[in-house]
There are 2 protein chains.
Amino acid sequence: MKAKNSLNPALVVKRAIAIVDSDGLDALTVRKVADEFGVTPMALYWHFANKEALLASVGDAVVADLRMPAASLGLEDYIREAMTSLIDVMRAHPSTAPLVAQQIMQNETGRDLTEACLERLAQNGFTVEKSAAVVHYAMQIAMTLVSGEPGAEIAVKPTERQTVRAEKLAVLLSLPEDRYPRLRAAAPAMIDCGDSDDYYASGIDIFVAGVMAEARALADA
Amino acid sequence: MKAKNSLNPALVVKRAIAIVDSDGLDALTVRKVADEFGVTPMALYWHFANKEALLASVGDAVVADLRMPAASLGLEDYIREAMTSLIDVMRAHPSTAPLVAQQIMQNETGRDLTEACLERLAQNGFTVEKSAAVVHYAMQIAMTLVSGEPGAEIAVKPTERQTVRAEKLAVLLSLPEDRYPRLRAAAPAMIDCGDSDDYYASGIDIFVAGVMAEARALADA
DNA sequence: ACCTGAACACCGTTCAAGT
DNA sequence: ACCTGAACACCGTTCAAGT
């Protein structure tokens, strides 16, 4: 017989994050969470309206660690810091990245960050539409960088990642050398990005440089 | 009684794409496809090893329309054309974007496009690692731009999109004006990007500008 | 207020059998 | 070669009932 009040939303979310971290997002089922608490699946429905609500709570919990960049920063550094902050939060629990992206506007810090970015973009000549687009790109790109990190294979269980990587590499290396010399040479780098920090820094650099190019174009007009 | 040979991979994939287009990727189930052919779910397993293989075939079928940019183009225009080509292919069947991204290297045109991009990046001083990263970013960003197009709501059935959009807008407009003036002003643009072509052109511009900034940095070194 | 138990309508997939 | 039929191990979720 289980004690009452053994369940509460915060505890459930914590367990859910642990499951997602170890086995991927698809492994997060209502029944599995319930099992780990030694409780009936339906017990969770007292604390969450449905699975969607649980997923939203997971996203919100991960977003909670989001930090605001220093308010004194100019456009370029602010965008860079905002992206870095977002990515850092997602990297802590990579498989939750899609949930974080979906939940960010429901979170106070997420909204404050968005507002601050929109403010800086407006100050630099971006129209409302352009600003909205840039903020949207930033969130989406942060998510894909994390979800699609080569070598991380977020959708696959950690135990099987090595195998999946090896298979992918073998496929690329089986291509004819005369037709795909660059692809074969780049194969290891495409399957595993090597240094994660470099991978993210490079991605952020490209995005920030792109936004600044747009800013210059607007300033010239 | 059903006629034999009523099923073949090409027909099944065509039906699958139709289902995904009208009801989203989650609506694509083995049972639903079978139903539409008036056939047992297990009939599909003669033509496809499993659902994963069916999804791969769907991705491959959509990638098939990918076109190669003119070989004479320089780095900037080539990257732009490659991105545009990828995005155009995905926009034809937006909900399949993740499948396309996953399948692109299994497709001949996809590999040729990748090889050509890697070649041009190498000619412009990009290291193997940097080239691999840029190509990877391009694919991932193309996918998120399409999957995350504001107003498209790929995961939601077309009939419910209007409602979902209205709810999202209401949430943003309920925020306090003194704290979130920019967010409120940008709300309509964030929920619906208005002109899709502008949205994609702007996203491509930012990415290409970012890559060219990197190219200049490498040329200076 | 908080959880159980049985049931329902779904999944993908196996395995043996039909034609 | 191509498909059926029954079965299995999963899902999320409803609804009524227990304490």
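Note on naming: letters A, B, ... go to the chains in the order of the sequence lines (proteins, then strands), and numbering restarts at 1 for each one.
A heavy atom closer than 4.0 Å to some atom of DNA chain D occurs in A:Tyr45, A:Asn50, A:Lys51, these being the qualifying members of residues 45-52 of chain A.
Contact annotation: the side chain of A:Glu149 approaches that of A:Cys193 to within less than 4.5 Å [non-hydrogen atoms, C-beta and beyond]. Inter-residue side-chain proximity for B:Phe207 and A:Ile141 is flagged as unmet; no heavy-atom pair is nearer than 4.5 Å. With contacts defined as side-chain heavy-atom distances shorter than 4.5 Å, the pair A:Met83/A:Tyr200 does not qualify.
Atom-to-atom distance recorded for A:Glu36:CD and A:Arg31:CZ is 15.0 Å, nearest 0.5 angstrom. Distance check, rounded to the nearest 0.5 Å: CG of B:Leu145 to OG of B:Ser202 gives 9.5 Å.
Distance, B:Ile19 CD1 to C:dC11 P: 11 Å, rounded to whole Å. Look at CG on B:Asp26: it is 11 Å from P on C:dG12, rounded to the nearest Å. One atom, CG of A:Leu44, and another, C1' of D:dT14, lie 16 Å apart when rounded to the nearest Å. Protein atom CG of A:Leu54 is 15 Å distant from nucleotide atom C1' of D:dC11, rounded to whole Å.
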Anything under 3.5 Å between a donor and an acceptor, one on a side chain of residues 110-121 of chain B, the other on a protein residue two or more places apart or in another chain? List them.
residue, atom, partner, partner atom, Å
B:Arg111, NH1, B:Met105, O, 3.2
B:Arg111, NH1, B:Gln106, O, 3.4
B:Asp112, OD1, A:Arg179, NE, 3.4
B:Asp112, OD1, A:Arg179, NH2, 3.4
B:Asp112, OD1, A:Tyr180, OH, 2.8
B:Asp112, OD2, A:Arg179, NH2, 2.9
B:Thr114, OG1, B:Gly110, O, 2.8
B:Glu115, OE1, A:Arg182, N, 3.4
B:Glu115, OE1, A:Leu183, N, 2.8
B:Glu115, OE2, A:Arg182, N, 2.9
B:Glu119, OE1, A:Arg182, NE, 2.8
B:Glu119, OE2, B:Gln123, NE2, 3.0
B:Arg120, NE, B:Leu73, O, 2.9
B:Arg120, NH2, B:Ala71, O, 2.3

Review item, side-chain donor-acceptor pairs of residues 54-69 of chain A, under 3.5 Å, at least two apart:
residue, atom, partner, partner atom, Å
A:Ser57, OG, A:Ala53, O, 3.1
A:Asp60, OD1, A:Asn107, ND2, 3.4
A:Arg67, NH2, A:Asp88, OD2, 3.3

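Partners of B:Asp197 according to the salt bridge (Lys or Arg N to Asp or Glu O under 4.0 Å) rule, which considers only residues two or more places apart in sequence or in another chain, are B:Arg91.
Considering every non-hydrogen atom in both A:Asn50 and A:Tyr45, the closest pair reads CA-CE2, 3.9 Å. The two residues A:Met190 and B:Ala132 have their closest heavy-atom pair at CG-CB, 3.6 Å.
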Between protein and nucleotides 8-10 of chain D, what N or O pairs are separated by less than 3.5 Å?
none

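Under the 4.0 Å criterion applied to side-chain N and carboxylate O atoms, B:Glu153 and B:Arg165 are not assigned as salt-bridge partners.
Side-chain proximity of A:Met42 to the nucleotides D:dA6, D:dC3, C:dG5 is greatest for C:dG5. Across C:dG12, D:dG5, C:dT4, the shortest atom-to-atom separation from the side chain of B:Val30 is found for C:dG12.
Both key distances under 3.5 Å define a Watson-Crick or G-U pair, and stretches of 3 or more such consecutive pairs in DNA chain D run C:4-8 with D:12-16, C:12-16 with D:4-8.
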